[in-house]
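Chain letters run A, B, ... following the sequence lines, proteins first and then strands; every chain starts at 1.
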Amino acid sequence: MSTEVISQIDVDRTRGDFSYPEQHTFDAGTGLSHATVDYIAEVKQEPDWIREFRHKALDVFLSKPMPTHWASKDLENIVFDNIRYYLANSQRPTRSWDEVPDDVKRTFERLGIPEQERKFLAGVEAQFDSEAVYSNMKKALGDEGVIFVGSTEGLKEHPEIFRKWFGKVIPTGDNKFSALNSAVFSGGSFIYVPPGVKVKHPLQAYFRINAENFGQFERTLIIADEGSEVMYMEGCTAPKFETATLHSAVVELVAMKGAKIQYVTVQNWSANVFNLVTKRAIAHEEAEVKWIDCNIGSRLTMKYPGVVLKGRKARGEVLSIALANNGQHQDTGAKMIHAADETTSNVISKSISIGHGRSTYRGQVYIPRHLKGCKNNTECDALLINSTSRTDTYPAITVRGSRNSVQHEASVSQVSAEQIFYMQQRGLSEAQAMSLSVNGFVNDLVREFPMEYSVELKRLIDLEMEDSVG
Amino acid sequence: MSLVIHNLHARVSGGQEILRGLNLEIQKGSVHAIMGPNGSGKSTLSKVISGHPDYEVTSGEVLLDGVNVLAMEPDARARAGLFLAFQYPVEIPGVSNANFIRAALQARLKDGEELDAVDYYGDLYKEMDKLEIPRTFTSRSVNEGFSGGEKKRNEVLQMAMLKPAYAILDETDSGLDIDALKIVAAGVNALRSPSVGMLVITHYQRLLDYITPDVVHVLVGGRIVRSAGPELAYELESKGYDWIKDALTEDVHSEELAAV
């Protein structure tokens, strides 16, 4: 890989760990109550149906217990009363970087976002704490009828499409954190691609947390109409604060007949962030949804991107890579719900646990008895680096009836001292040797990724290995 | 310019001493062979010189052109010019041979310098051709699923590409049939030059039919007990190691008494 390609992708943890002093015009204060919800709805001048939706969601959130009977007890360390739920400076993103306030603009320039936009993106949305500060798309796409705006704008300006799909893929009560998001959501992307339109270059969103004791709750809704294609990529960073930060997004995708959606995430939150995200897609007849999910950062990530295969011959795929370093728990996986004949799903998960890091794979595959010709393939591979790291695999696969097929493979391997010594004997440092092993482990999966992201991922892995060797 | 091993004592960490005062000097441009029976410390020697973490040096020095390498990490020793052809080369899944060798070369460059990809592949293909390695090799994972012969050829290829000042070949003949042995030996011979010193470790004289050493040493009980010209290898072959062990018994015995 040439240096030129690498220099295009300037998003990494060392670059993410900085912050500018805060000044917020809109601040919902600390703690969560119905008053918080009213504040948000008022500031955003939302219609009544959304305000009601939020209040109901808050009740659901308050009534649901923490899922600690199956999930990490670390969830109990989230102090909801200490979190700020809405911080923003403005209610409208600008269309030009020149109009973005200096501090915020400097943040995104340091993260390399405007540069990436010029080089290879069809559109960019940049969210700073609760709201998008910048949102722009190449004019040609707008002329074709493509909509790419923030969720606030989507709700206001395209209510007929927004309301039809909002909350339909992931109901409020799906889990405690989808309910929380539904109560206080702000920011995120709204995308609509008209029938037959193929968006050639990726649309990108960048989520930045700048404030301490803050919760970011973006809400993304992507609708790819019949026969259309779109690729969406999201990146995220936050400065490393002493206290915990919460990120709890809801992402809903709808792929209509024959549409293709590819959703790429490179999650690189700082190690104090609780990252509890619900992501699901509905794939109609012959539609294809592919989640590419890379989790490098955060303190605890719980995320299981799913596809409901609703139409005949729909196809769902989750390719995921998780890297858990000291003090991190990556609890990730996939859900594939087959609901029509001849639907296929593919899940490939690779996790790397380093030091005291822990990675968990949780999968759910469901194929009911009345369907025929459905196929699922699940592969989970775990790599352990040194003996203190931990990996767990919980694949729940339910296949009924005799006309469907399923295949499951799992492996656990370790980077051995002999491998490291062999590579060191050839002149590679211990960190370089570990990096090479880890990259080798994820290599066949990374080949499936868009070029720009595979380069970024390799660099993030190199950085993690340098840190872990010290 | 030489690799000097001076009064080297070493053991597996916490275990019994295996090398017990080993002395050896390998000049650049020369090929030395070490022969010895099983358990004499042959493989330990190669691992201690290259810095394997399981071994502990209790006293002595290893000087690479005057620099004591024992305090250096294994990778720093390698970059200083030391190469070990492994008896059992290690598999690295998912890492292609081409990328691996390239990373090793890149690690020898200064910060900010980048290996030229065209030159690199030119050199790599040239060396692969000499060792009769097919082009498909570059995209295969390092040593994964390789036959014994392929693994050993890969070691020699890496040596050719990394151009060490001193190379240790640890039982490079083990696991090879005669055809593979000839190819590997030809590869090693092609690398003989005034700028490299080699130490060939072997149990059998067979390898030395193809790689003729300048000096042959016999290692018994963790020390060099005999050093002579290539004819010593033939003597060992015909008489066996017991001959030399018997000749030494008295010697070692008296030393052990002295140590008590």
Side-chain donor-acceptor pairs under 3.5 Å in residues 66-73 of chain B, sequence neighbours left out?
from: B:Asn68; atom 1: OD1; to: B:Val62; atom 2: N; distance (Å): 3.4
from: B:Asn68; atom 1: OD1; to: B:Leu70; atom 2: N; distance (Å): 3.2

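Taking 4.5 Å as the heavy-atom cut-off, the residues of residues 143-157 of chain B that approach chain A are B:Asn143, B:Glu155, ordered by number.
Inter-residue side-chain proximity for B:Pro74 and A:Gln425 is flagged as unmet; no heavy-atom pair is nearer than 4.5 Å.
Within the 3.5 Å criterion, the main-chain N or O of B:Ala104 finds no donor-acceptor partner in the side chain of A:Gln432. A:Gln419 places a side-chain N or O within 3.5 Å of a backbone atom of B:Glu91 that can act as its donor or acceptor partner.
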What verdict does the side-chain contact (heavy atoms from CB on, under 4.5 Å) test give for B:Tyr88 and A:Tyr422, after you've listed the backbone C-alpha separation in whole Å, the side-chain angles of each residue and the deciding distance to 0.1 Å? CA-CA 10 Å; B:Tyr88 303 109; A:Tyr422 185 74; over 6 Å; no
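Checked against a 6.0 Å centroid threshold, the rings of A:Phe421 and B:Phe86 count as neighbours.
Few gaps surround CD on B:Glu113; more than 12 heavy atoms of other groups in view lie less than 6.0 Å from it. Around the NE2 atom of B:His6, the shell of radius 6.0 Å holds no more than 12 heavy atoms that belong to other residues, nucleotides or ligands. Counting non-hydrogen atoms of neighbouring residues, nucleotides and ligands closer than 6.0 angstrom, the NE2 atom of A:His408 exceeds 12 such neighbours. Counting non-hydrogen atoms of neighbouring residues, nucleotides and ligands closer than 6.0 angstrom, the NZ atom of A:Lys240 exceeds 12 such neighbours.
Considering only heavy-atom pairs separated by less than 4.5 Å from chain A, the leading option among B:Ile92, B:Asn99, B:Val142, B:Leu105 is B:Ile92. Contact count against chain B (heavy-atom pairs under 4.5 Å) is highest for A:Leu428 among A:Asn443, A:Leu428, A:Leu436.
Contact annotation for B:Arg77: neither backbone nor side-chain heavy atoms come within less than 4.5 Å of a heavy atom of chain A. If you measure heavy-atom distances from B:Pro164 to chain A, you find no contacts under 4.5 Å at all. With a 4.5 Å cut-off on non-hydrogen atoms, A:Phe441 touches chain B through its backbone but not through its side chain. Both the backbone and the side chain of B:Leu84 have a heavy atom closer than 4.5 Å to some heavy atom of chain A.
Closest of all the heavy-atom pairs between B:Ala78 and A:Gly427 is CB-N, 3.5 Å.
Atom CE of residue B:Met161 and atom CZ of residue A:Arg426 lie 13.0 Å apart, to the nearest 0.5 angstrom.
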